[in-house]
Amino acid sequence: MNRINKKLIIRLIGLIAIVGITFTLFQRYQLSMVSGNSMQPTLDDQELVLVHKKRIPQRYDLVAFEQEDKLLVKRVIGMPGDRYVLSGNRLLLAESETAYDFSFTIALNDELAAELPTSGVLDEGEYFVLGDALMISRDSRAFGLVLQESFIGVVTPLF
């Protein structure tokens, strides 16, 4: 009887450890499949990616977020503290570390350009994101800044 109890206890401990590890992994990571071509050539349609839920995005990271009831993956271009100047529908974006030079010139759609002030600084939690396939991507050029609270996490391609 004693030998059976030891085996049972060892199996229960193993089962509890597996459940705990699995729970922890699902709290921190999520597997998702890319749908669409807006991130080509970096990510292809139907490619499997790993989303790190607890990571804070850095410039040029890929991020997953909810926008218009869709899960989108885009690249972070503008971050909190970055300066911008609007000239017509052209957004000149400067990294916060650069003194004077503008790092990016981005064409916005007319509605978004009309909504933005002529100059400013991205506030804490505000990000400007772009798809790698610029000609077909729907991104911050169309829907504006993305708030950090809508981020699901930082994306890593698996294959």
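If you read the sequence from its start, that first residue is 1, and numbering goes on from there. We use all heavy atoms of the structure for the numbers below, so side chains are in, but hydrogens, waters and symmetry mates are not.
- Formation of a donor-acceptor pair under 3.5 Å by the R83 side chain with backbone atoms of V121 is not found in this model.
- Within the 4.5 Å cutoff, the side chain of R138 has no heavy atoms near those of the S38 side chain.
- Between the side chain of D45 and the backbone N or O of G36, at least one donor-acceptor pair lies under 3.5 Å.
- At least one side-chain heavy atom of I106 sits less than 4.5 Å from a side-chain heavy atom of F128.
- A heavy-atom distance below 4.5 Å is found between the side chains of P157 and E47.
- With contacts defined as side-chain heavy-atom distances shorter than 4.5 Å, the pair E126/P80 does not qualify.
- Taking Y127 as the reference, F151 meet the ring-ring contact (aromatic ring centres under 6.0 Å, His included) condition, with sequence neighbours excluded.
- Side chains of L72 and E66 form no contact here, defined as non-hydrogen atoms less than 4.5 Å apart.
- Contact annotation: the side chain of L134 approaches that of R141 to within less than 4.5 Å [non-hydrogen atoms, C-beta and beyond].
- At a threshold of 4.5 Å between non-hydrogen side-chain atoms, the residues R28 and H52 do not count as touching.
- Hydrophobic cluster membership of I13, counting Ile, Leu, Val, Met, Phe, Trp and Tyr whose side-chain heavy atoms lie under 4.5 Å apart directly or via other members: I9.
- Here V73 is tied into one hydrophobic group with V34, M39, L43, V49, V51, L62, L71, I152, V155, each link being a pair of ILVMFWY side chains closer than 4.5 Å.
- Residues in residues 10-20 take part in no side chain to side chain donor-acceptor pair (under 3.5 Å) pair, two or more places apart or across chains.
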Donor-acceptor contacts under 3.5 Å from residues 107-118 side chains, at least two apart:
residue	atom	partner	partner atom	Å
N109	OD1	E111	N	3.3
N109	OD1	L112	N	2.8
N109	ND2	A142	O	3.4

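- Under the rule for a salt bridge (charged side-chain N to carboxylate O under 4.0 Å, His left out), R90 has no partner lying at least two apart in sequence or in another chain.
- Residues K74 and D132 are not paired through a salt bridge, judged by the lack of any N-O separation under 4.0 Å between the basic side chain and the carboxylate.
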_side-chain hydrogen bond (donor to acceptor under 3.5 Å, both in side chains) for Q30 and S32? Distances and angles first, verdict last._
CA-CA 6 Å; Q30 172 182 327; S32 291; 3.1 Å; yes

